[in-house]
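Heads up, the thing below is written out as structure tokens.
In this text, all values refer to a predicted model and were calculated from it rather than measured experimentally.
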Amino acid sequence: WTPGHSGITGNEMGDEEAKRAAAGDSSPKKDLPKVFQKRLPHSVSARKQAYQKRSEEIAAQIWGSSPRIDRLAMRDIRMHRPLRFFHKHAIKLQLTRRQHSMLVQLRTGHIGLNGHLFKIGRALTADCSHCEGTVETVAHFLMRCPAYERERRLYLHRRGRHPESIAELLTTPEAFKRVTRFVDASKRLGAIFGD
């Protein structure tokens, strides 16, 4: 055993040859064995991984620039953070079953707001009861409805800053408890989750 093989003649010569080859200075093709005279094939696995990575980057780019991101975000917030991440942090934050259920329903959009209730035939209209002509979605309830502006300022704004997006509220662990406090303070879903 020698540390780093330094000072060993054969090793030093091998290092020099490796450096020359890495710099592009290799033997003439005619001196190489026939197998090495052709270009080496690319790894199929490496190509598949590169293709998958590029596809995910393009999908994320298209997703981020969609004009309907709020509505689409409710269908698959997992694009921002996977479900296992959400559950892991819900446990870490010691959310009650009620709070966890509330957040899951908000994330999926399957919650007692008129937009969803109308889709499943449980409400006469999808409109917000405070905003005529506006569908009451999770995004509308959490981000825009003027009837809950006071509660929004108290619970959802951080250091005077309005949340960037619905995804920020429903995928950022620091926001989970603030969202549940907002829902409780709004009393909009009291019939479902209690007060």
Side-chain angles (χ1 to χ4, degrees), residues 1-95 97 99-111 115-116 119 137-139 142-143 156 158-159 161-180:
W1 179 82
T2 58
H5 301 285
S6 58
I8 297 174
T9 310
N11 188 62
E12 297 298 328
M13 288 171 51
D15 284 348
E16 287 302 315
E17 289 299 317
K19 285 178 188 171
R20 282 187 32 229
D25 183 20
S26 66
S27 306
K29 279 193 177 181
K30 64 179 177 56
D31 292 346
L32 295 173
K34 284 201 185 285
V35 148
F36 297 120
Q37 288 180 6
K38 300 180 215 159
R39 285 184 62 95
L40 293 175
H42 291 277
S43 162
V44 173
S45 176
R47 280 190 172 193
K48 284 180 180 176
Q49 287 176 4
Y51 178 79
Q52 181 67 29
K53 182 179 178 189
R54 183 68 183 133
S55 296
E56 287 172 3
E57 288 170 356
I58 291 170
Q61 193 175 32
I62 292 168
W63 168 261
S65 63
S66 170
R68 298 180 182 167
I69 193 162
D70 282 345
R71 189 164 39 139
L72 294 172
M74 295 320 305
R75 296 292 165 243
D76 197 1
I77 284 184
R78 292 174 303 213
M79 286 283 287
H80 294 278
R81 293 279 170 93
L83 200 55
R84 67 182 176 278
F85 173 89
F86 169 71
H87 290 304
K88 180 177 93 176
H89 283 281
I91 291 166
K92 204 183 272 187
L93 292 168
Q94 298 180 335
L95 296 177
R97 182 181 174 131
Q99 291 170 323
H100 190 262
S101 176
M102 180 189 297
L103 288 168
V104 167
Q105 289 179 42
L106 286 166
R107 284 171 59 97
T108 61
H110 294 235
I111 195 163
H116 176 65
K119 282 182 187 173
T137 62
V138 173
L142 290 177
M143 306 285 288
L156 299 184
R158 251 181 43 204
R159 296 182 206 105
R161 185 180 73 79
H162 192 278
E164 297 277 324
S165 66
I166 188 79
E168 179 185 338
L169 290 174
L170 299 177
T171 62
T172 309
E174 298 78 39
F176 292 169
K177 289 215 175 185
R178 293 189 330 223
V179 169
T180 60

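Atom NZ of Lys119 and atom NE2 of His110 lie 7.5 Å apart (nearest 0.5 Å). Between atom NZ of residue Lys177 and atom CD of residue Gln94 there is a gap of 7.0 Å, rounded to the nearest 0.5 Å. Separating the CD1 atom in Ile166 from the OG1 atom in Thr171 is a distance of 10.0 Å, to the nearest 0.5 Å. With rounding to the nearest 0.5 Å, the separation of NE2 in His100 from CG in Leu95 is 7.0 Å. Interatomic distance, Leu156 CG to Leu142 CG, rounded to the nearest 0.5 Å: 6.5 Å.
Looking at every heavy atom in both residues, Phe176 comes nearest to Leu170 through CE2-O, 3.6 Å.
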Evaluate the criterion side chain to side chain contact (heavy atoms under 4.5 Å, CB included) for residue pair Arg20 and Glu17; output intermediate values, then yes/no.
CA-CA 5 Å; Arg20 282 187 32 229; Glu17 289 299 317; 2.7 Å; yes
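By the 4.5 Å heavy-atom criterion applied to side chains, Met143 and Leu169 are counted as neighbours. Looking at Val138 and Gln105, their side chains never come closer than 4.5 Å, going by heavy atoms from C-beta outward.
In summary, Glu56 and Lys53 do not engage in a salt bridge, as defined by a charged side-chain N under 4.0 Å from a carboxylate O.
The backbone N or O of Arg97 lies less than 3.5 Å from no partner atom in the side chain of Ser101, so there is not a single donor-acceptor pair. Looking at Thr172, its side chain never comes within 3.5 Å of a backbone N or O of Ala175 through a donor-acceptor pair.
Heavy atoms from other residues, nucleotides or ligands lying under 6.0 Å from CD of Glu57 number more than 12.
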